[in-house]
Structure formats: C-alpha cells, structure tokens
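Notes follow the structure.
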Amino acid sequence: MEIASKYNPRAVEEKWYNFWLEKNLFHSEPDHRKPYTVVIPPPNVTGVLHMGHMLNNTIQDVLVRRARMMGRNACWVPGTDHASIATEAKVVKSLSEQGIKKHDLTREQFLEHAWEWTHKHGGIILQQLRKLGASCDWDRTAFTMDAQRSESVTRVFVDLYNKGLIYRGMRMINWDPKALTALSSEEVEYREERSKLYYLKYYLDDLDDLKGIGDLEEQGNIIHHDEKGFYAVVATTRPETIMGDTAMCINPKDSKNQWLRGHHVIVPLVGRVVPVIEDRYVDTEFGTGCLKVTPAHDVNDYNLGKTHGLETIDIFNADGTVSGQSPLYVGMDRFVCRKQIAKDLEAAGLMEKVEDYTNKVGYSQRNPDTAIEPRLSLQWFVSMQHFADIALPPVMEGRIKFYPEKYKNTYRQWLENIQDWCISRQLWWGHRIPAWYIEVDGKEEIVVAVNEEEARRIAKEKYGYAGEMRQDEDALDTWFSSWLWPISLFDGINNPGNKEISYYYPTVDLITAPDIIFFWVARMIMAGEEYMHDVPFHNVYFTGVVRDKLGRKMSKSLGNSPDPIQLMEQYGADGVRMGMLLTAPAGNDILFDEKICEQGRNFSNKLWNALRLVSGWRVASGEEAVDSSTSQANEVAVQWMEQRMAQVLEGVEKDFEQYRLSEALMSCYKLAWDDFCSWYLEMVKPAFGTPIDKDTFDATVSIFNRLMLILHPFMPFVTEEIWHALQTIGKDDEAAAFINANYSIMNQHMPTSVFYDQRMLDDCDTAREMIAGVRNLRNSRGISPKEMLELYVSCGEGKRTDSRFDPIVCKLSNVSRIAYIDGKMDGCVSFMVGTTECFVPLKQNIDVDAERKKLEDELRYAEGFLASVMKKLDNEKFVNGAPEKVVALERQKKADAEQKIAALRGQLEHLNS
RNA sequence: GGGAGUUUAGCUCAGUUGGUUUAGAGCACUUGCCUUACAAGCAAGGGGUCACUGGUUCAAAUCCUGUAACUCCCACCA
C-alpha cells in the first residue's frame, strides 16, 4: 500500500465533514443519557468568520466532541443574530448605493429589502464554521428573528411589562446621530480625545457697578471686568451648546465666585439672560468654577435642570444638526457649528482664551466614527434593579463559575451599579415593540399585548375602546432577544416545561469573549433566573482577544487579520485549530502569529507518517519465529507506553476540569510526538525487512487507536482519517468498506486514566537518560550512530537497577551489550546517569584533555550543588524547623552529590594515571 | 478618579496551599545527520541574578510593603 509522505488535509477534511453530516452524527435528541448542552454565541447573521470566531468555536468544538466521546448526549446549538443596528446600517448603505433612501420606503418595503439582504448574505458564517469542523447540530440552527425566537421576545416583553419591569419614559439617553437611534449605555465606548477648552465671557446682566470690589477681592473673589462691564468666565469643551444654556452654576462654597450670587448673566452671542444658580455638584477646581448649564444636552446638566426647575431647550435635531429651537446656526452640523461659533465668539470679543485639553468622548460601538449625543427622549426601559438582585447570587455563590475567576469582580461591580436598560431602538430591522397607542378621552393610553388582536381585546376590556390603534414604530435592542437564547432555542418561553427545555436546560459551558459580559452573559443569567428559576449555564469560559503578533487588535483597517478560510486551506483546519489552542490560555489575550499553525500542520503530518510506518509493518506469521529477546523487549515497551498514556491522561483530565485546554493539548502533543513516535515506535520498530510479532503489532495499533481518540477533540479530521486506516488494517476490502461506511471515531469512548506503575516510568526515564548519554557521547566525539559500541555500567557493591529496559537501551543507542562491572574501565569515556557511572570503550584515541575538562566541569557543578545543600543542612534551624520529609530529602541530595563527586574524582584520577 | 490584571529563556507561556536536585515546556536558535515513517524530519546541545526594592521565614519565582512599566474594565469633572 502506497501512502503519500505528506498529509493532505484538504481532501480528507471535506470527506469526513460530509460523512459526519450524512450520518447525522451531530444531531441530538433527548434520551436517557446525561445531556451536555452548549449554545453558540450567535454571530451576526451577515458577518464573516474572523479569528475571534475561530478561537471561540474551536474551543466549543473541543469541549463538545470530548463530552460526546465521554458518553454525554452532546448538543451544540448553532444560530445567528439579527444584529439590528449593524445589519440595518448595511442594508441602508446598500440601498443608498442603488439610489434608494430608507425613508422613501415604507416599513414593509424596507423589511423586504432587509430580508432579501439577510437571505443573500446570511449564514455564510455558518458555512465557514463547517470548514473548521464545528460539530453543531445544524438541524437546530436558529435565528434571533425567526418565528419561534420572535414569539419568545414578544411574550417576554409583554410579561415584563405586566410585571411592571418594563416602562416607557422620557429620559436622557445616548443618541447615535448617524444611525438615528437610541443606544443603551453599554453600547457607548469612551475614547480619549485631544480637544480644546474654550473660556467664554458671560457678562452680568444686572450689575453695572460693583461697590467694594476691593473687599470682595480680599475675601477671595476673582472679579472680571472690562470696558463692557463685569463678566464671569465659563470653561467648556462644547461651545456650540450655548444656544441651549438656561443657567450658569457655581458652587455655593466657592469663595472666588461669591460675587456672582443671585445675579443673572447673558449667554454670549445668544443674548439670553439666565440666572446664576448654586449647586454643590460644581467642581470649584475645574476651569473657573463656573459651569454653563444646558439641560437638554448633558446628563449632569439635565439633573441640575431638574433640581433647579430650569427650562430645557433642545437645540439639536436627531441627525446632530442645529434645530429651529436655536436662535442661531440653524441647520448647521454640530461640529461645523463648534468651529464657527468659536470664530464668532472670538470676533465678538467674547472668548477669553482657548486651551488644549484632553477629554473622553463617547462613541457608538456600532458606528465608531459617530460621537454619541446625550439626548432627552421618550424610550422604553427595563427596570434593572430586580434583575441585578436575581443575577448576582448565582455567580457569587459559585453556581456559575467564571474562568478566569477575575471576571467575577467585574460582574459584581456592574450589577451593583446597574442602570436601567434602554431597549427601544429607532430602527425597523428587529423585533417591533408590541405596544399599541390609543386615545381615550383625549389622553394617550398604551396597550401592550402579544399581537394586535389581543391588544384590541385588552383595549376594549380595559378602556372600552374599539377605535384606531397605532403600533409603536420602534424595534427592540438586539440583546433583548439574545438574552433569551439558551431558553428560546429550546422553546422554553413559548412552551414552558416542554420536553426539550426540561432536558437540555441548563446548558453546561458558555464560551465567549469578555467584552460581552454585560451585554450578554449577565443578561442571560437574569433571563434564566427570571424565566427558568435556574442558571442558563454552569461555567463561563472567557476567551482572550485575538491580537496580532505585535499585540495589536485585529481589525479590518489595520489589515492585520488573516483570513481564516485561507489559513485553513494553507495549514488544514486541524493545523489552525491546534495553532489557536496552543496560544490560548483562558482569559489571556492571544498574540496570534500564523506560523503557529505550521506546528499544527507538522503535527498532523507526524501522525500521518506514524500511520505510514505502522501500516507498512509485516506481521510475523505463525511459523515465522521472532527473536524471543526482541519480543520480550517489545513487551516492556508496550507496558511502558500503557503506563505513560495512563499518566498523561490523568493530567489531561485535570486540565479539562480547569479548562486549561492549551495545556491539555500540549500534553497530548508530547504524548503522541515524544513518547509514542520518538520513543515507543523506535523501541518496537523491527529491523528493515524483518517482521514484527503479532502481540506487539496489535498492541501498537491499539495504542495508536487510543491516541487518536484522545486527540480527536482537538484535531477531528486527521484523527478520523487515521483511526479509519487503523480499523481497517488487515481487513479485506469488503470488511474495510463496511467499517468505513458505518463507523466514526466521533462516537467512540474516550479513554480514561487508569492506575499506572510509577516505578516502571522511573525505570524508563533512567533508560532514556542512558540512551541519551550514549548518543551525546557519540555526538560530541564525532562517532557515527552506525558504529556499534559497548556499554559498561558500574553499579558498585552489587547494587543493580532493574534491567528490563536493557535490550531497549541497546537497540536505541546501538550498543551490542550492557555489562555490569565494579570499579573503573580503562580506555573508556564515561558519563553519569544519576549516581551511576557508565563507561564506553572507544577504539580511537581518547582526547584526555577534553575528557578531563568535561569531568572537571561536572565536578564543579556537583560541588556547587553540594555546597547549596550543605548550607541548609548545616543550619540547625533548618534541621530542627523543616518537616522531616524535607530534611530527609536534603540528606538524600547530599548523599547523592557526595557519591557523584567521589565518582567524578575517581574518574579524574584514573584519567591522570 | 476607582478597580482588576500582567511582568519567569529570543518569542508565547506553565510553575497548584512556600520545600523534589542552583526554575520547566513549546516554538525559535546552535551543532551533527537526506539513518528504508516523517528534512513539515532525526539526534544532541546552548540559553533565565524569576521587573525592581525592602521585609517575613530554617527556606521565597511563590507570602507581605513599596516602586516602575504595560494591559483591561468601570466612573457625570464641564
């Protein structure tokens, strides 16, 4: 059988993915087994796969595949998010490219376009996940705006409204002037920005003459006046908002501004006369201690306005241009206006000075170039205190565990300072708010119901109303559907207690990025507690942010984000998966260098070549005798490999319990590459042309098999390919075809750790050191690996280590025999394994000086080591204070070091004589 | 302004409640090998005053005080 020496992932990956789909192996139905449920963090429906998705979904797939192999009924539910703002923006853009304006369309026409767009671009990302090998139950693919999910959203809205947890009100909200919608406070990102601080002159309206200036100044007042009169100076970063000023505020305790008390000032350019009010909110240290108050355009000013009963003048339109409420600059964009007003103030002599200033400006998360505008408007809110109260305990009490744990703090901090959630969006793409407005006795009343028919019924029942009804135009925040995801996927809102929700809920693990801990994780916990009275998941694994190798975030504009599809074509999905996992400890950012995928690709190839080796072996037939010493050595090798595998599995199991996936993978990698390929296969590999005994062959195939099972969650494709090859070795075509058509590694049982013999592992380590010693000796003296050597082991006083590995040592270090001696050997070079001296006779002359130097170096090290041990042992406090075990250990170290030193000295003497 | 985290080999990271040889891994690096599975490979090897400082202890990468640098989150100083 001829197999290519290079593994080719492409054909293999497609073949097996289709096979898994055909056999419906990802599909789950409730049964008697324990469920293992994971819900995908739904990517944006029209998005494309990026490295963050790759990481996130690789981790999910590893966990899901492993759980499946451990006998759990694994169900990984995929789906997409309608992403209202992002998708609507894309649709609007596409329409405008066709020369169509959104508001020239009716809502229905627009939605038609939006659905068309969604169907065209939607789901690409799910197709891409298949390339990665994601074992999602595609039959369950959901969409946050499909019928079942939409119905869930509506029901929850109605329910929370009826419980008094959703209300509509006029509030200061964050407004996106580009998307023309309200945002929640979580959707605003603050960025530091270099700007200007403008110092404006507000002349006093009612003060022409000030008596006793000197006295006032002596009391600490800072009084400005010029030929035009007395004035106060106000520092602001937003001079364009002065048209909305309705007061000026000072701190009542601010000695430098006492003289302004009770007066009125004139807003520059605008000419409006506004009162000087006093409030302790004002920071006396900032600027001049005088604050302009614009209740319509600043949250703090709004609060001041409320307490002091100020007028609110909204000078901006929804798109950020100056509104007709303003006496000046009507129609001008807010930023253009800022520049213009600065010029005009300057020209009018109303600008005292301008300073450079750095402040934080809020931007829309979805429109990163658009500065958000605080805006007073009528919106729908979820009252959050109740939800904070129910969502905090599960995490603090450990019913939900966060990995890494530090996010517990972040979570608590947020919940303890919770703000109400603005859920209405002035968008069409999304779940329309199920509220209808009616007019009863000249007053607007709201009817909230799951549909119009129900709304009519309520209107009639409650208000005796049967006339016109107008549904709210707004849609809901995307996250208002996402927070129901673990419930709505199993129809737990519409059909509480149904078979699926009862079986699959709660889910087990949630794998997500930390930046959506508030948006999504926290709110799912709230919804879970509210509607299921149980947590939505038990563990949350927060992945890191995928960065480039320079530590920069991957972004389209930087062009530093590799295309995952291309990466998979280049290195194979298995290679990329391994690359991602190797650099991804939980919670740490990932500095992704695509070279790491090479390691994964090379590993696939290594496994592939191990298969080539094993499948090329000829098994000895009955009458063909295999050297009994060889088969004995092989037996030891097999036993050792079994012990080693059990040991590694123990560690891997612990790693998985703590979600240390990269470490688990590294252990498996070393088990396969180092222990299995480099050591075990070399131990049992028959000489060229000779057969291998059947027991060893069967054992090797069995071990190889289990290695594939262990690795399968990490590298699903190559392991399936090799596993099939191993299953069919020695089978006739028909049997092989049957196996290939009917079995998959996917649903085999994951090997578990068993008791192992530490003694045997230690003995093998000693043997491995001995082998390395001989190899090193060859390397450093230029002796060919082909030259047969002899090895003498001086074990003194008949102290002999277990020699069962001797034949293996001979084979792997190309030594004809190992003899045990007392004392030293002439004409030899030596090395030490622990405290044991090993001698190798050489035919050629020995470079005495070089040997002496080696021995002296070793001696120096050993003496230094002994000195450090003695420092402890000579210390009475150590001997008396440290635990007995520790002292005994140090004594052992001392004895070993002394023995080693004596041996090295002996060798040096021997060399010199 | 508040909080959290990080700092160990050239790079990315382990190092479990202080004690198992004067600190480990992978990659990279050096040397020698096209040895009949694999050069995407094999063998061997070099490389670190554990950010700095002071302390606690018989014993510190590990615990405590401080310092520095970087990162992230939260917050209404215009």
Side-chain angles (χ1 to χ4, degrees), chain A residues 3 5-7 172 190 197 234-238 241 249 281-283 285-287 290-294 298-303 357 359-360 374 404 406-407 409-410 413-414 417 514-515 517-518 545 549 551 571 575 582-583 585 587-591 593 595-596 598-599 601-617 654 658 660 662-663 666-667 669-670 677-678 681-682 685 687-689 771-772 775-780 782 784-786 814 834 861-862 864-865 867-869 871-872 875-883 885-887 889-890 892-893 896-897:
Chain A
I3 316 178
S5 72
K6 295 256 189 294
Y7 171 65
M172 195 59 122
Y190 290 89
L197 193 57
V234 171
T236 179
T237 52
R238 299 202 63 190
T241 61
C249 191
Y281 159 76
V282 178
D283 181 353
E285 298 303 312
F286 188 91
C290 296
L291 173 74
K292 67 193 260 324
V293 184
T294 321
D298 185 280
V299 185
N300 306 305
D301 292 13
Y302 174 68
N303 291 333
Y357 185 68
N359 67 337
K360 288 207 168 166
K406 64 175 175 181
Y407 289 109
N409 278 330
T410 314
Q413 203 183 13
W414 187 69
N417 299 289
D515 55 350
I517 182 169
F518 308 137
V545 177
K549 59 182 166 184
Y571 300 103
L582 279 179
T583 41
N588 279 16
D589 281 0
I590 291 111
L591 300 191
D593 182 349
K595 271 189 78 180
I596 195 85
E598 255 178 48
Q599 200 180 341
R601 180 200 60 178
N602 295 354
F603 185 44
S604 300
N605 197 48
K606 183 72 185 176
L607 298 173
W608 178 252
N609 276 290
L611 171 68
R612 284 181 72 213
L613 175 69
V614 172
S615 63
W617 283 345
K654 272 190 196 141
Q658 296 164 62
R660 294 153 58 124
S662 50
E663 297 199 15
M666 183 48 74
S667 300
Y669 171 79
K670 287 195 280 191
C677 292
S678 297
L681 287 179
E682 294 298 332
K685 186 160 126 183
F688 185 65
I771 293 162
R775 285 171 172 173
N776 180 17
L777 182 149
R778 288 177 190 276
N779 234 324
S780 57
S784 159
K786 286 175 186 159
N814 199 23
Y861 180 88
F865 178 66
S868 82
V869 174
K871 219 165 95 186
K872 290 185 205 170
N875 184 339
E876 252 178 69
K877 284 182 186 166
F878 171 73
V879 180
N880 297 332
K885 248 173 136 179
V886 176
V887 178
L889 188 78
E890 290 303 315
Q892 183 61 48
K893 282 194 213 168
D896 287 354

> B/rC27 phosphate, OP1 or OP2: any side-chain N/O from A/Arg601 under 4.0 angstrom?
Replying inline: no
Show me the protein contacts with nucleotides 31-34 of chain B, counting only N or O atoms at under 3.5 Å.
none

>> In whole Å, I'd like the distance from the CG atom of A/Leu582 to the C1' atom of B/rA25.
In response: 11 Å
>> Just to be sure I follow the notation: if a pair is Watson-Crick (purine N1 to pyrimidine N3 plus N6-O4 or O6-N4) or a G-U wobble (N1-O2 and O6-N3), each under 3.5 Å, what dot-bracket string does RNA chain B give, with | for pairs to another strand?
In response: (((((((..((((.....[....)))).(((((.......))))).....((.((..]....)).)))))))))....
> With the sugar-phosphate defined as primed atoms, P, OP1 and OP2, and the base as all remaining atoms, what B/S/- string results for nucleotides 69-78 of chain B, 5' to 3', for protein heavy atoms under 4.0 Å?
Replying inline: ----SSBBBB
> How far, in whole Å, is B/rG15 from B/rG47 if one measures between their P atoms?
Replying inline: 25 Å
> Using the P atom in both, what is the distance from B/rG45 to B/rG24, to the nearest Å?
Replying inline: 14 Å
> Taking only side-chain nitrogens and oxygens of A/Tyr7, does any of them come within less than 4.0 Å of OP1 or OP2 of B/rG41?
Replying inline: no
> Between A/Asn776 and B/rG45, is there a side-chain N or O to OP1/OP2 distance below 4.0 Å?
Replying inline: yes
>> In whole Å, measure the gap between the P atoms of B/rC73 and B/rU16 for me.
In response: 28 Å
> Just by protein heavy atoms under 4.0 Å, how would nucleotides 5-11 of chain B read 5' to 3' in B, S and -?
Replying inline: S------
Contact list (N/O, under 3.5 angstrom) for nucleotides 19-23 of chain B vs protein:
residue, atom, partner, partner atom, Å
B/rU22, O4, A/Tyr861, O, 2.5
B/rU22, O4, A/Phe865, N, 2.4

Close N or O pairs between protein and nucleotides 16-18 of chain B (under 3.5 Å):
none

